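Comments concern the structure below.
Just so you know, residue 1 is the first one in the sequence shown, and it goes up from there. Counting starts at 1 for both ligands and their atoms, in listed order. In this text, all values refer to a predicted model and were calculated from it rather than measured experimentally.
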Amino acid sequence: MKAIILKEAGDVKNLEFTEWHMPLIQADEVLIRAKAISINPVDIKTRMGKSLYDELKSRNNAIILGWDVSGVVTEAGAAVTAFKKGDEVFGMINFPGHGKAYAEYVAAPASHLALKPSNISHEAAATLAALTAWQSLCTHAKVSRGQKILIHAAAGGVGHYAVQIAKYIGAYVIGTSSAYNKELVLSLGADEHIDYKTQRLEETVSEVDFVLDSIGEATIDSSVAVTKKGGTVIFLPSGINDEKLKKLNSQGVKCYRILVESNGDDMKKIAALLERGIIKSHVSAVFPFANMADAHLQIETGKTKGKIVVSF
Ligand SMILES: NC(=O)c1ccc[n+]([C@@H]2O[C@H](COP(=O)([O-])OP(=O)(O)OC[C@H]3O[C@@H](n4cnc5c(N)ncnc54)[C@H](OP(=O)(O)O)[C@@H]3O)[C@@H](O)[C@H]2O)c1
């Protein structure tokens, strides 16, 4: 099968197309013929030698990047009862371990998958970004109806799902983006838009119950400043250190980092929201597998709308 391997960290030239052995599945796994994979910032950071690179490289000569897959089951392990050959499935595989999704065939634990709704394309099947939004809002912050919440980068991968999920919960949603993406953010259901390039957060919003901060350095202090005492800020970037978090927590606002985790039960909830049209994936570009480098370069711009997909 065809796969893309990474032997050394570096730029997109290090994404090496090769013939690779077919993955062998364990009893609790299925083999998926990949139809589409989503590309996320963690793919790019890992390719560059950051994020999960050291951990994966310490155990593998060659890393196969990618965690976000949608495809068709071609084989099911002996212990798998939830899926059978021919089922269309999607999920975030083995995160934060070795996903190996940049390949024609992917071995995936059945417990990380959900059935793909038949009214959703493989390209629109949403995984890592939607799962991050879901786990941030529902598992960790437990956002509830009527709360005022702020979502940074509301036009991006995580943000565009977070706005829709928060509106579904019944929250009052404020989303940030540049003016260029204002219409998209409002069309997702946000009640208010803040242009981070021209408006100062502290002068525009206050007494927020919850902030989903996927930006980091530039927004850490303002995110906390606009949150009411007893409110919560979740930081998605890994850059913010424990000492800084401790300092922020002393201001009466709960501040913490989270890392999304593979979870088939959460995937089933996302599948149901997609099937009912409650959340929609904004797919801004689909690249052929051979053009993986272009997909990486698009994410590197930091200007991605919704999600970027590579299809087979
Ligand atoms: N901890 C975890 O488990 C986890 C999971 C997923 C993602 N993440 C991290 O979360 C971050 C976001 O991921 P993503 O997939 O949503 O990224 P993304 O799709 O690449 O984000 C792009 C978006 O960011 C917006 N943006 C850039 N600078 C901004 C600013 N200062 N204020 C507001 N919006 C801004 C852009 O809007 P404009 O073009 O309008 O500027 C663009 O729409 C990444 O660092 C990623 O690694 C962490």
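- Using a 4.0 Å heavy-atom criterion, the residues that approach ligand 1 are Pro41, Lys45, Leu128, Thr132, Ala153, Ala155, Gly156, Gly157, Val158, Thr176, Ser177, Ser178, Asn181, Tyr196, Ser214, Ile215, Leu236, Ile258, Leu259, Val260, Gly302, Lys303, Thr304.
- At most 12 heavy atoms of other shown residues, nucleotides or ligands fall within 6.0 angstrom of atom OH in Tyr180.
- Evaluation of the side-chain contact (heavy atoms from CB on, under 4.5 Å) rule for Ala141 yields Val143, Phe210, Ile234 as partners, not counting sequence neighbours.
- Counting heavy atoms from C-beta on, the side chains of Met92 and His112 never come closer than 4.5 Å.
- Between the side chains of Asn263 and Gln135, not a single donor N or O lies within less than 3.5 Å of an accepting N or O.
- Taking the side-chain hydrogen bond (donor to acceptor under 3.5 Å, both in side chains) definition, one finds that Thr219 meets it with Asp213, sequence neighbours left out.
- Legend: residues meeting side-chain contact (heavy atoms from CB on, under 4.5 Å) with Pro96, ordered by chain and number and at least two apart, are Leu52, Leu259.
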